[in-house]
Student: 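Take a look at the following structure, please.
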There are 2 protein chains.
Amino acid sequence: MSEQPANPADDGDVTRADSLAREIFADVANKWALLIINVLGERTLRFGELHAEVGGISHKMLTQTLRVLERDGLVERTVHPTVPPRVDYVLTGPGQALRAMVNGMCGWTRRHLPHIEEARRRFDADRSGNA
Amino acid sequence: MSEQPANPADDGDVTRADSLAREIFADVANKWALLIINVLGERTLRFGELHAEVGGISHKMLTQTLRVLERDGLVERTVHPTVPPRVDYVLTGPGQALRAMVNGMCGWTRRHLPHIEEARRRFDADRSGNA
DNA sequence: CGGTATCCGACGAGATACTG
DNA sequence: CAGTATCTCGTCGGATACCG
């Protein structure tokens, strides 16, 4: 990520690593993935609990996003062969490291909520004036 | 954000604030917005410079995302009435605070890149086996 | 150079129904 | 209860072209 001065000597691998980083970043930098990581917090949650705690996410998107996170090794999925079935999700080490940042973002959102709300009003007011 | 125990007494405002938080979070929690905030870093950049530094973003998405960020008061847009026109973008206070977290995420991506790459290989290998 | 508008394909994402 | 499959539609997002 970030700046690559594009050293002419070491081509062919920097770019590969960079595109991979982009890919991973895209996996993680979306609304649902971040919300899931956030609610997963420290403790293990079942599929249904996740569904309830995230709120507003469809059954499909939840499984889908969870698979991506599982594939990237951010969450661990444990299937208990009981009936009815029970599946637990828990953050891995890297997942928890990421969660710290996501938590920061959530805190940021809460802290700056008034500021942003006002910024929006001003912005919207300005463009009504000279439409 | 985070857990609202849903106190039965104070309805009607928590939910409004919460949905607003969701909205803002959604504005910010997407690939392009985060990448823009990241490259904007500390210093002011022109539209064209941003376009080049982000890399892979279309003309349209750049303007579009910038407007959202401007509306939420995360970036400040300054138009110089010259010819050819020149437009500068810079992070506001809240924008810089957020950038810190985004930077963290980028660092995280770089650090865990090998781990994730391997996790992916294992995941993909496993499901080839019992397809 | 920066922004807007339009067209259009591709995927994101919900609803529903079925399996184990 | 958890997951997959299919169908559908809305929106994201790229390409192009035109204004200031």
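The model shown is predicted, which means the values in this text are computed figures rather than measured ones. Proteins get letters first, then strands, A, B, ... in listed order; numbering begins at 1 in each.
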Student: Between R121(B) and E117(B), does any side-chain N to carboxylate O distance fall below 4.0 Å?
Tutor: no
Student: With side chains defined as the heavy atoms from C-beta onward, is the minimum distance between L74(B) and V28(B) less than 4.5 Å?
Tutor: yes
Student: Does any residue of residues 80-90 of chain B have a heavy atom under 4.0 Å from DNA chain C, and if so, which ones, in number order?
Tutor: P84(B), P85(B), V87(B), Y89(B)
Student: So does R46(B) get a side-chain nitrogen or oxygen closer than 4.0 Å to the phosphate oxygens (OP1/OP2) of dG2(C)?
Tutor: yes
Student: Hey, could you give me the CG/CG distance between L50(A) and L40(A), rounded to the nearest 0.5 Å?
Tutor: 5.5 Å
Student: Under the side-chain contact (heavy atoms from CB on, under 4.5 Å) test, which residues partner M61(B), sequence neighbours left out?
Tutor: W32(B), I57(B), S58(B), Q64(B), T65(B)
Student: Nearest whole Å is fine: how far is dC12(D) P from K31(A) NZ?
Tutor: 11 Å
Student: List in chain and number order the residues that pass side-chain hydrogen bond (donor to acceptor under 3.5 Å, both in side chains) with N30(B), two or more places apart in sequence or in another chain; answer none if no residue qualifies.
Tutor: none
Student: Is the phosphate of dT4(D), meaning OP1 or OP2, less than 4.0 Å from a side-chain N or O of R67(A)?
Tutor: yes
Student: Quick check: on DNA chain D, is the nucleotide nearest N30(B) upstream (toward 5') of the one nearest G48(A), or the reverse? Name the residue that is more 5'.
Tutor: G48(A)
Student: Let me know the distance between CZ of F47(A) and C1' of dG3(D), rounded to the nearest Å.
Tutor: 7 Å
Student: Who are the salt bridge (Lys or Arg N to Asp or Glu O under 4.0 Å) partners of R77(A), not counting sequence neighbours?
Tutor: none
Student: Find the distance I57(A):CD1 to dA15(C):P and express it as a whole number of Å.
Tutor: 12 Å
Student: Starting at the 5' end of DNA chain C, write a dot or bracket for each base, bracketing those in Watson-Crick or G-U wobble pairs whose two distances are under 3.5 Å and using | for partners on another strand.
Tutor: .|||||||||||||||||||
Student: To the closest 0.5 Å, what do you measure between CD (E70(B)) and OG1 (T63(B))?
Tutor: 11.5 Å
Student: How close or far is atom P of dG13(D) from atom CG of L66(B), stated in whole angstroms?
Tutor: 14 Å
Student: Please report the interatomic distance CZ(F25(B)) to OG1(T109(A)), rounded to the nearest 0.5 Å.
Tutor: 6.0 Å
Student: Would you call R120(A)-E23(B) a salt bridge at under 4.0 Å N-O?
Tutor: yes
Student: Between T92(A) (side chain) and G73(A) (backbone), is there a donor-acceptor pair under 3.5 Å?
Tutor: yes
Student: Using atom NE2 of H59(B) as one end and atom P of dC19(D) as the other, report the distance to the nearest whole Å.
Tutor: 15 Å
Student: Can you tell me the distance, in whole Å, between the CG atom of L62(A) and the P atom of dG14(C)?
Tutor: 11 Å
Student: Show the distances under 3.5 angstrom between N or O atoms of the protein and N or O atoms of nucleotides 5-12 of chain C.
Tutor:
none

Student: Any donor and acceptor pair, going by atom type alone, linking the side chain of H80(A) with main-chain N or O of R86(A) inside 3.5 Å?
Tutor: no
Student: Grab the NE2-C1' distance between H51(B) and dG14(D) for me, whole Å please.
Tutor: 11 Å
Student: Mind calculating the distance between CZ (R77(A)) and C1' (dT4(D)) to the nearest angstrom?
Tutor: 12 Å
